[in-house]
Amino acid sequence: MNTKEKIVAEVLSITYRNEVNYYTVAEVLFDKEKLTVVGILPFLNEGDTAEFYGTYIFHPTYGRQFKAESFERRAPQNIASILRYLSSGAIKGIGPSTASKIVEKFGENSLDIILEEPEALATIKGISMEKARQISSEYEKQYGARDIMMLLSKYSISPNVCINIYKRFGSNSSLLIQQNPYILCEQGIDIDFETVEDMAADYAIPKENEFRIAAGLEYILRRNLNNGHTCLPKSKFIETAAKLLECGINVAEDACYRLIECFRFAVKIIDSKEYISLPEYYYAEEYIAARLCAVKRNMLGEIPPDSLEIDFVENKLGIKFEEMQRKAITEAFKNGVLILTGGPGTGKTTTLNAIISLFESRELEIQLAAPTGRAAKRITELTGREAMTIHRLLEVEWGSDDNLKFSRNERNPLTCQVLIVDEISMVDAIVFEKLLKALKLSCRIILVGDADQLPSIGAGNILSDILNSDIFPSIRLNKVFRQANESLIVTNAHSIINNEKIDFARKDSDFFLLKRNDNFSVIDTVLQLCCDRIPTAYGFDPLKDIQVLCPSRKLDTGTVNFNNLLQERLNPRKKKQPQLCYKGFFYRVGDKVMQTKNNYDLQYKKDNGEYSSGIFNGDVGFITEIDVRASTMNVRFDDKTATYFAEEIGQLEPAYAITVHKSQGSEFDCVIIPLFNLPTKLKYRNLLYTAVTRAKKLLIVVGSEREWQDMVDNDRKTLRYTMLKEFLRENNFENS
């Protein structure tokens, strides 16, 4: 086992630096000998003397190196080091010639002069007062950012976050952090409250500190966004805060009211109870309600198609519409907002194609959108018309202040006259607000989804709240058509929703239950199916066509365990094959991976040579290249390849097995579901239904029939605290 060591060395040269993640290869002078130091070393420059903490390693190509986990920079110790540092180009505006002049005049005081007396630089020929100030400002920026990095390095806070902190708080950042580390919990910086608690303990910040209490309250609200809640009942919120912060109920309640008074929290009364929300979610749901109700009121009714027009479309598509499909087509023209729902095989796509065809015959501009790339690709294939992700449609980009911007908004709206959003159950409150803001008031809105699926991963419950408000026309298609009825995947999905018993004895279709009575046999069977039996019997590719879906991450039958086991079977390590380790998983070329968060500025290169940016939550790709030295890897997603640097690798997860939640909006030729010994909280109908409806051609459940039935019997909906339904009813009542 390697022992962590400290070396003090002078930097002779920087041979490599990645300007995105600051991975650096430096040649240093240590004990009168040259040594290569590698690691994340931001703002380390030639001429610096630094203390490096890490271990010696042996690289098969480059030999003995020192891998630094952290470092503390010392100012250059002598005139030669100062000259080397200034000549290196580390400070913008100073080259070798100017560096020589500065050192010749100010000697060992050169850096102090640059930082504290920039006007003295202007006495040197060729340096104007303006240039002197620019040089000083550039050095101060580096000095301040380095200071923060040194301060926060022990808490494993990345260099990019440190630079973001410096941009936010300036040269006094270190002092401000030591006085009140809880400023690091603010939105836009978003360091975990637990990490800041460690800092506060180091700085002896008392537990009753008002900044700590306020940050703790906000942390609870933000943490619960991950559970889908846009608000929390005040009583439950205060009780949780008092327990977390180890303070009295009255202390937490007083702090809550102060935050409401200064508009950091918002409060909403629902059924005589107070609910506390972050302002951005309060205003998002308030806006969604107001906008949808405005469209409902102000939309001029289009003359609905008569029966002859619908008959013409029937002949064109070669089908016969049933009663609810005809009604949906008519309602789409009569109303500004329509919700179209239904399970698999009920004709949602057919109905949608008819609506699109009739709108096109009236020369209306139609736009299709979906929340994920996979969902957009799927609706494109089903309709034959291009669908975009919502983010692409809104032309997402980063602003100069490093905040996310949507180019399409109230001032630059979309031109479409009809917007159709598929998989609306996956869309969260903030994204839906941005989408509505980019529409003209005259644009019709058709929301398509499956009300029985799981709600969005993000905060909000858009589809369910709109349906439960009973304000807008909604058509639920529930008749399963004959062709779809031949599929046990489809019929069993509807049996789940209708709480009907299933005949597991049938062996002649696309659905099978393989009964197993212990974890070991469940795991072994899933591995055999995925790696051998299904590829042999059906010709499915185990990586591209087969997907293991797990209700849980952590169990023996969860994604973490299956990803390790499946990787070992499907992509074992070859001799000397490069790999990168992150959170205990060794990534290799050929691994199947999934992006787990939206990254709008992650660049990729398309096969046609074009460059663009944006890899989104749920995108699945394959690792094509790994550079261990630079801690980077290339991942191919469909027709594009993105490069991940060290700090971005954490946004990926192995995807041999994924959770049911992560599978939303996707379909797979073959799905395998391990179903055994689940905790009670995961045994509910929506979860099982969502998993089953991900399969297109073959579904195999491995486990217990009792487990299946327990989930079918439990119709408990995922509890989400939201305000949208109340806002919708208020807006509808006020304007009725």
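Checked against side-chain contact (heavy atoms from CB on, under 4.5 Å), E197 has the following partners two or more places apart in sequence or in another chain: Y182, F193, R212. With sequence neighbours excluded, no residue forms a ring-ring contact (aromatic ring centres under 6.0 Å, His included) with F211. Under the ring-ring contact (aromatic ring centres under 6.0 Å, His included) criterion, Y587 pairs with F585, sequence neighbours left out. With sequence neighbours left out, the side-chain hydrogen bond (donor to acceptor under 3.5 Å, both in side chains) criterion links S128 to no other residue. Qualifying side-chain contact (heavy atoms from CB on, under 4.5 Å) partners for S456, counting only residues two or more places apart in sequence or in other chains: D428, R720. With sequence neighbours excluded, the residues that form a ring-ring contact (aromatic ring centres under 6.0 Å, His included) with F727 are Y282. With sequence neighbours excluded, the residues forming a side-chain hydrogen bond (donor to acceptor under 3.5 Å, both in side chains) with Y644 are Q595, listed by chain and number. Among residues two or more places apart in sequence or in another chain, the side-chain contact (heavy atoms from CB on, under 4.5 Å) test is passed with E239 by none. With sequence neighbours excluded, the residues satisfying ring-ring contact (aromatic ring centres under 6.0 Å, His included) with H229 are Y721. Every residue meeting the salt bridge (charged side-chain N to carboxylate O under 4.0 Å, His left out) condition with R408, not counting sequence neighbours, appears here in chain and number order: E395.
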Cut-off 3.5 Å, no hydrogens considered: what does the side-chain donor-acceptor table look like for residues 215-223, sequence neighbours left out?
residue	atom	partner	partner atom	Å
E218	OE1	R264	NH2	3.1
E218	OE2	R222	NE	3.2
E218	OE2	R222	NH2	3.4
Y219	OH	E194	OE1	3.3
Y219	OH	E194	OE2	2.7
R222	NH1	E280	OE2	3.1
R222	NH2	Q187	OE1	3.2
R222	NH2	E280	OE2	3.1

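For the pair S136 (side chain) and P118 (backbone), a donor-acceptor distance under 3.5 Å is absent.
Listed by first and then second residue, the salt bridge (charged side-chain N to carboxylate O under 4.0 Å, His left out) pairs involving residues 240-253 are K207-E246, K234-E253 (not counting sequence neighbours).
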